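First comes the structure, then the notes that go with it.
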Amino acid sequence: MNFLFNLAVLVTMIIALFVWVQLPWYVVLALAVVFAAWMALTRRGRQAASVTGVGVSTLRQRLGSSSVVIVGIAGVVGVLVALLAMGEGYSETLRKTGSDDTVMVLRGGSAAEVSSVMTRDGILVVDQAPGVAHDSQGKPITSGEIVVAANLPIKGGGPDEEGSVQLRGVGDGAWAVRPNLKIIAGRKFQPGMRELVVGQGAQRQFAGLEPGHAIKLGAQTWNVVGVFASGDALDSEIWGDADVVAEAYRRGSSRTSMVVKLTDAKAFDAFKAALAGDPRLQVDVDTTLNYYSKQSEGMSKVMRVMGITVGTIMAIGALFGALNTMFAAVAARAREIATLRAIGFRGLPVVVAVMLETMLLALIGGLIGGALAWLIFNGWTASTLATGTTGQLAFTFKVTPGLLWEGLKWALAIGFVGGLFPALRAARLPVTTALREL
């Protein structure tokens, strides 16, 4: 019978945890209100509240063991939220790159810009496609661009420590298709010159990218003349004149991609259909917003899996700490619980009281862990090699309310499991046996 009972408890616990992780905050709030009403309006609820009050009042006497639970759960939540914030910041940086009315055109079958090649004739065909926006002079607002990899010394690194940065060769149209990109220091590069403008993210990562400095890319020397800001993934790039970059890297007149400004977002379908039906072209077309969002999917999943894996391993350690603490608390209060049972308190109020005490410790630990993660990591800058690019992507950790809520749910789940078995033991403890204990 004990085996069947424990098996039923285990299955119920697994189902409860599965449902718990799916619940949004407003459903949890509604459940909390219902539970509070049960404690206030029913006899067993008031009994549970009385027993809980007694248990909470003794926490000061068990400060050391209670701190083990709080610190353990705070560590779990802090690490979990920090790792998930890394993935969230990475994804957000790419998600906010581009727009619905600008289009990325690549060679057919190319997964990213770095694997694409477009000929000069193909670029001219795209310029004439329906749906392309034109400036006041009647010129199509498009930008044929070339993307190559360059190595630069990392700021604060060793003498031979270098990192990869994405060098983008662009023309005048690049500024028109990206109106959010602004020069914040210095000036734009001059066409035909070995001059560079650098993103503020790249400037933070690499040494020598201040206006007025000269840097070596390959065997050639380039002058940094300006710094730009876009607030997205482009901040991690450095830009130069497309013809000069193509000549330096022996790419001829070809380009890796083409960015096109549409008359509006509704023109996308007609534009894509026109290019797909043109026998002179074999290209893939997507909005820049969708293109960059897809680039974030793989890395974001890896970061999330890593965060949950590390969080799970730490949660197991915190769970054993909670179980040990609560079993010790139940054992220390065995005669007290037995006395309550003897004067008419049923098993349910005792179970609820022990569970609430553990959940309170878990809640405190979760709040501390979430607060530390927000204070330390929110806005913290990091970089990694981005999918589909040749350089490092600078991004900031993003601790969102959703991540804090997810961390808090983990804390309460640990508290639930850590308190369940000690609570059931307390409720099933034989009254006569407990009263005879010294």
Side-chain angles (χ1 to χ4, degrees), residues 91-148 166 168-182 228 230-234 237 239 241-243 245-246 251-298 386-390:
S91 298
E92 182 174 310
T93 299
L94 287 168
R95 284 198 304 264
K96 64 184 181 182
T97 306
S99 62
D100 286 325
D101 62 351
T102 55
V103 176
M104 179 75 72
V105 183
L106 304 174
R107 182 188 63 185
S110 301
E113 288 182 277
V114 294
S115 58
S116 171
V117 178
M118 293 189 65
T119 64
R120 175 65 65 181
D121 291 340
I123 290 173
L124 293 175
V125 172
V126 174
D127 281 341
Q128 300 167 8
V132 178
H134 292 74
D135 61 19
S136 58
Q137 298 177 350
K139 295 181 180 180
I141 305 176
T142 62
S143 177
E145 302 178 350
I146 181 170
V147 172
V148 296
Q166 185 157 284
R168 184 180 295 272
V170 301
D172 290 337
W175 312 94
V177 296
R178 302 181 181 92
N180 62 306
L181 194 146
K182 307 293 182 185
F228 67 82
S230 61
D232 53 29
L234 299 178
E237 298 182 348
W239 286 15
D241 180 71
D243 291 331
V245 173
R251 298 300 179 89
S253 61
S254 67
R255 298 291 183 263
T256 56
S257 63
M258 192 170 181
V259 182
V260 178
K261 177 75 172 179
L262 301 178
T263 52
D264 56 49
K266 297 178 181 178
F268 173 74
D269 291 335
F271 175 82
K272 183 177 181 179
L275 297 189
D278 195 315
R280 296 170 293 179
L281 297 173
Q282 187 178 359
V283 295
D284 289 334
V285 182
D286 206 348
T287 65
T288 54
L289 187 64
N290 197 38
Y291 170 80
Y292 283 104
S293 295
K294 287 179 180 178
Q295 301 300 314
S296 72
E297 291 176 357
T387 306
T389 71
T390 60

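Values below: every heavy atom of this structure, side chains too, minus hydrogens, waters and symmetry copies. When a residue number appears, it is its place in the shown sequence, counting from 1. Bear in mind the structure is a predicted one, so any value in this text is a computation, not a measurement.
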Would you call [X] and [Y] a salt bridge, taking side-chain N to carboxylate O under 4.0 Å as the test?
X      : Y      : answer
Arg280 : Asp278 : yes
Asp243 : Arg255 : yes
Asp284 : Arg107 : no
Lys272 : Asp286 : no

Which class fits the ring pair Phe228 and Trp239: parallel under 30°, tilted 30 to 60°, perpendicular over 60°?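 Answer is tilted, since the angle falls between 30° and 60°.
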So which heavy atom on [X] is nearest to which on [Y], and how close?
X      : Y      : answer
Pro179 : Ala176 : CD-O, 3.7 Å
Gly171 : Ala242 : N-CB, 4.4 Å
Val283 : Leu275 : CG2-CB, 4.1 Å
Asp101 : Ala265 : CB-N, 3.9 Å
Pro130 : Ala270 : CG-O, 4.4 Å
Leu281 : Val125 : CD1-CG1, 3.5 Å

Can you tell me how far apart OG (Ser293) and CD (Glu92) are? Round to the nearest 0.5 Å. 11.0 Å
Applying side chain to side chain donor-acceptor pair (under 3.5 Å), run through Asp121 and Thr119 and close with a yes or a no. CA-CA 5 Å; Asp121 291 340; Thr119 64; 5.4 Å; no
I'd like to know whether CG of Asp172 has more than 12 heavy-atom contacts from other residues, nucleotides or ligands below 6.0 angstrom. no
Report the C-alpha distance between Ser116 and Thr256 in whole Å, list the side-chain angles of each, state the deciding distance to 0.1 Å, and finish with yes or no for side chain to side chain donor-acceptor pair (under 3.5 Å). CA-CA 5 Å; Ser116 171; Thr256 56; over 6 Å; no
Would the distance check show the side chain of [X] and the main-chain N or O of [Y] forming a donor-acceptor pair, the cut-off being under 3.5 Å?
X      : Y      : answer
Thr97  : Ala233 : yes
Ser110 : Leu106 : no
Lys139 : Ser136 : no

Determine, stepwise, if the pair Leu234 / Arg178 fulfils side-chain contact (heavy atoms from CB on, under 4.5 Å). CA-CA 10 Å; Leu234 299 178; Arg178 302 181 181 92; 3.2 Å; yes
Report the C-alpha distance between Glu145 and Ser257 in whole Å, list the side-chain angles of each, state the deciding distance to 0.1 Å, and finish with yes or no for side chain to side chain donor-acceptor pair (under 3.5 Å). CA-CA 5 Å; Glu145 302 178 350; Ser257 63; 4.5 Å; no
Please report the C-alpha distance between Phe268 and Asp100 in whole Å, then the side-chain angles of each, then the deciding distance to 0.1 Å, and finally whether the side-chain contact (heavy atoms from CB on, under 4.5 Å) criterion is met. CA-CA 8 Å; Phe268 173 74; Asp100 286 325; over 6 Å; no
Measuring only between side-chain heavy atoms, which start at C-beta, is Arg251 closer than 4.5 Å to Val245? no
Are side-chain heavy atoms of Met104 and Val259 found at a separation under 4.5 Å?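 A side-chain contact exists here, since the closest heavy-atom pair is under 4.5 Å.
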Would you please test Ser230 and Asn180 for side chain to side chain donor-acceptor pair (under 3.5 Å) and show each step? CA-CA 6 Å; Ser230 61; Asn180 62 306; 4.8 Å; no
